[in-house]
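I have placed the structure first, in the form of structure tokens, so that the comments after it can refer back to it.
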Amino acid sequence: MSNGENTPPGPDSGSSFDDLPEVTMKLSLRRGRRVRRVAIPTLRVVAGRDMLRFATLNGGQRLVIGREETCGLVLTDASVSRNHAAVTCDEQGEVTVQDLGSTNGTAVNGRPVSRALLRPGDHLEIGAVSLRLDLLSLDELEHLGRVLERLQAANTDPLTGLLTRAFTQGQLPALVDRCADAQLPISVIFCDIDRFKSINDTYGHAVGDEVLTAIARLLLLGVRDTDACVRYGGEEILVFLPGSDVDNAVDVAERLRRSIAAHDWNRTGVGLRVTASFGVAQRRDDEDLDQWLKRADDAMYTAKRTGRSKVCRAPLPETITPPE
């Protein structure tokens, strides 16, 4: 994943990585040599409260999906039956889904099914929960697992799973000092959801909470494990990028902006469209932390004033010349 690595399997990952077969191989050229990259069939929740929960599929494995704690992939949504559907992957990597007599049915790409083949990129609807079948590398799976671990860590915001604002007063000064001692840059991305009040007014606060939760997961998925994501207040999120200069941070912010805009928000609310505006600032030597964050904040508001769903970089702080 772009500027980041990916997470270890959570409690619902279908199996350990050591047991995974090389179901699909992708050949690429690297320094003139052909190399193989393992691609592992993975079912991943793409919207809702269980977003990013996933399970890998082994050849010959039968994975049961449902609300029952004994299921291979546990989903918490009330529309999901206790034992809702079963997914099998044969030794050749062919994936099949079968409904298990569920109350609210199973669908593939919007078409109700009792039994059907699943291909990479297909959407699987389990009740009201949407999953997608992807082919992921081991690095991507490990990053995805670590994201889930970060979301479940102690002392995080209970809604989003991000670090709380206390990080800016506690750990941030030490992080900045470590970068300074190592002569490394550090940048911050200031993210604010566009027209969030309108989302709450139109769809209700429950949907607004789902939007915040989903964006938190999209941000964590799109950055490195060493990058700190902080819920700064309301719908404002800060992402601290140690070792990244402003040019790299702008690239990361642009990638995050696109991932939010491209997300399938219609599964959260019919007709819902969500974007976010971003301000980026690299800390200058000896710059006060509050001034640094304010420059990123001001850049974010510039993005909002000039059209929203944009990334703006902060201008350099003014240099004060001491009197002679």
Side-chain angles (χ1 to χ4, degrees), residues 3-4 49 51-52 146-180 185-197 199-200 205-244 246 249-250 252-253 256-257 259-260 274-284 286-304 308 311-314 317:
N3 191 39
R49 70 182 69 180
M51 182 177 168
L52 299 190
R146 287 192 293 270
V147 168
L148 292 176
E149 287 186 345
R150 292 175 73 176
L151 290 168
Q152 297 164 3
N155 302 319
T156 55
D157 175 62
L159 175 63
T160 63
L162 300 179
L163 298 170
T164 67
R165 185 168 181 156
F167 175 89
T168 61
Q169 302 298 320
Q171 297 100 308
L172 179 60
L175 176 62
V176 167
D177 288 344
R178 288 197 299 274
C179 287
I186 182 170
S187 296
V188 62
I189 298 171
F190 203 120
C191 169
D192 188 90
I193 303 173
D194 295 329
R195 298 187 175 93
F196 188 66
K197 182 178 184 302
I199 294 173
N200 280 329
H205 287 274
V207 169
D209 286 350
E210 273 198 49
V211 168
L212 270 170
T213 300
I215 285 182
R217 283 155 171 73
L218 291 171
L219 294 183
L220 284 174
L221 194 62
V223 300
R224 300 166 300 183
D225 300 329
T226 53
D227 298 329
C229 295
V230 178
R231 186 181 182 190
Y232 195 58
E235 66 274 21
E236 297 174 335
I237 297 172
L238 299 180
V239 182
F240 294 97
L241 307 173
S244 294
V246 67
V250 166
V252 174
L256 298 176
R257 184 197 67 79
S259 72
I260 292 171
V274 179
T275 61
S277 297
F278 295 81
V280 180
Q282 178 180 341
R283 182 177 178 267
R284 313 313 296 177
D286 300 322
E287 182 178 14
D288 179 82
L289 295 186
D290 289 338
Q291 182 192 23
W292 174 39
L293 298 185
K294 184 178 186 304
R295 287 198 297 118
D297 190 12
D298 290 344
M300 181 272 294
Y301 276 106
T302 298
K304 285 188 176 293
R308 298 186 178 88
V311 176
C312 288
R313 72 174 66 201

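These figures come from a predicted structure and were not determined experimentally.
The minimum heavy-atom distance linking Asp227 with Val223 is given by the pair OD2-CB, 3.5 Å. Contact between Cys179 and Pro185 at its shortest, heavy atoms only, is SG-O, 4.1 Å. Heavy-atom minimum distance, Ala228 versus Arg150: CA-NH2, 4.1 Å. Taking both residues in full, the closest heavy atoms of Arg224 and Pro242 are given as NH2-O, 2.9 Å, listed atom of the first, atom of the second, then distance. Between Ser259 and Leu218, the shortest heavy-atom distance links the atoms O-CD1, 4.1 Å. Heavy-atom minimum distance, Cys191 versus Leu219: SG-CD1, 4.5 Å.
Ring centroid separation for the pair Phe190 and Trp292 does not come in under the 6.0 Å cut-off.
For the residue pair Ser277/Asp194, the side-chain donor-acceptor check at 3.5 Å is satisfied.
Atom OG1 of Thr160 sits about 8.0 Å away from atom CG of Leu151, to the nearest 0.5 Å. In this structure, CZ on Arg313 lies 9.5 Å from CD on Gln282, to the nearest 0.5 angstrom. Interatomic distance, Glu236 CD to Ile193 CD1, rounded to the nearest 0.5 Å: 10.0 Å. Atoms CG and OG1, from Leu293 and Thr168 in turn, are 7.0 Å apart once rounded to the nearest 0.5 Å. Atom CZ of Arg308 sits about 10.0 Å away from atom CG of Asp192, to the nearest 0.5 Å. Here the CG atom belonging to Leu212 is positioned 6.0 Å from the CG atom belonging to Leu159, to the nearest 0.5 angstrom.
Under a 3.5 Å cut-off, the side chain of Arg217 and the backbone N or O of Met51 do form a donor-acceptor pair. The closest donor-acceptor contact from the side chain of Ser187 to the backbone of Ser244 lies under 3.5 Å. Arg231 places a side-chain N or O within 3.5 Å of a backbone atom of Gly234 that can act as its donor or acceptor partner.
A 4.5 Å side-chain heavy-atom check between Ile189 and Leu241 finds at least one atom pair inside the cut-off. Considering only heavy atoms from C-beta on, Val252 stays 4.5 Å or farther from Phe278 through its side chain. Inter-residue side-chain proximity for Val274 and Phe196 is flagged as unmet; no heavy-atom pair is nearer than 4.5 Å.
Listed by first then second residue, pairs satisfying salt bridge (charged side-chain N to carboxylate O under 4.0 Å, His left out) with a partner in residues 158-180 number zero, not counting sequence neighbours.
With sequence neighbours left out, Arg295 forms a side chain to side chain donor-acceptor pair (under 3.5 Å) with Glu287. By the salt bridge (charged side-chain N to carboxylate O under 4.0 Å, His left out) test, Asp297 pairs with no residue at all, sequence neighbours left out.
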- Could you give me the CA-CA distance, side-chain angles and deciding distance for Arg283 and Val188, then say whether side chain to side chain contact (heavy atoms under 4.5 Å, CB included) is met? CA-CA 8 Å; Arg283 182 177 178 267; Val188 62; over 6 Å; no

- Message: Assess the residue pair Asn155 and Thr164 against the criterion (side chain to side chain contact (heavy atoms under 4.5 Å, CB included)); give the C-alpha distance rounded to whole Å, side-chain angles, the decisive distance to 0.1 Å, and a yes or no.
- Response: CA-CA 8 Å; Asn155 302 319; Thr164 67; over 6 Å; no

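Just one of Leu162, Ile237, Leu220 meets the side-chain contact (heavy atoms from CB on, under 4.5 Å) condition when paired with Ile215; it is Ile237.
Between Asp298 and Lys294, at least one side-chain N (NZ, or NE/NH1/NH2) sits under 4.0 Å from a carboxylate O, which counts as a salt bridge.
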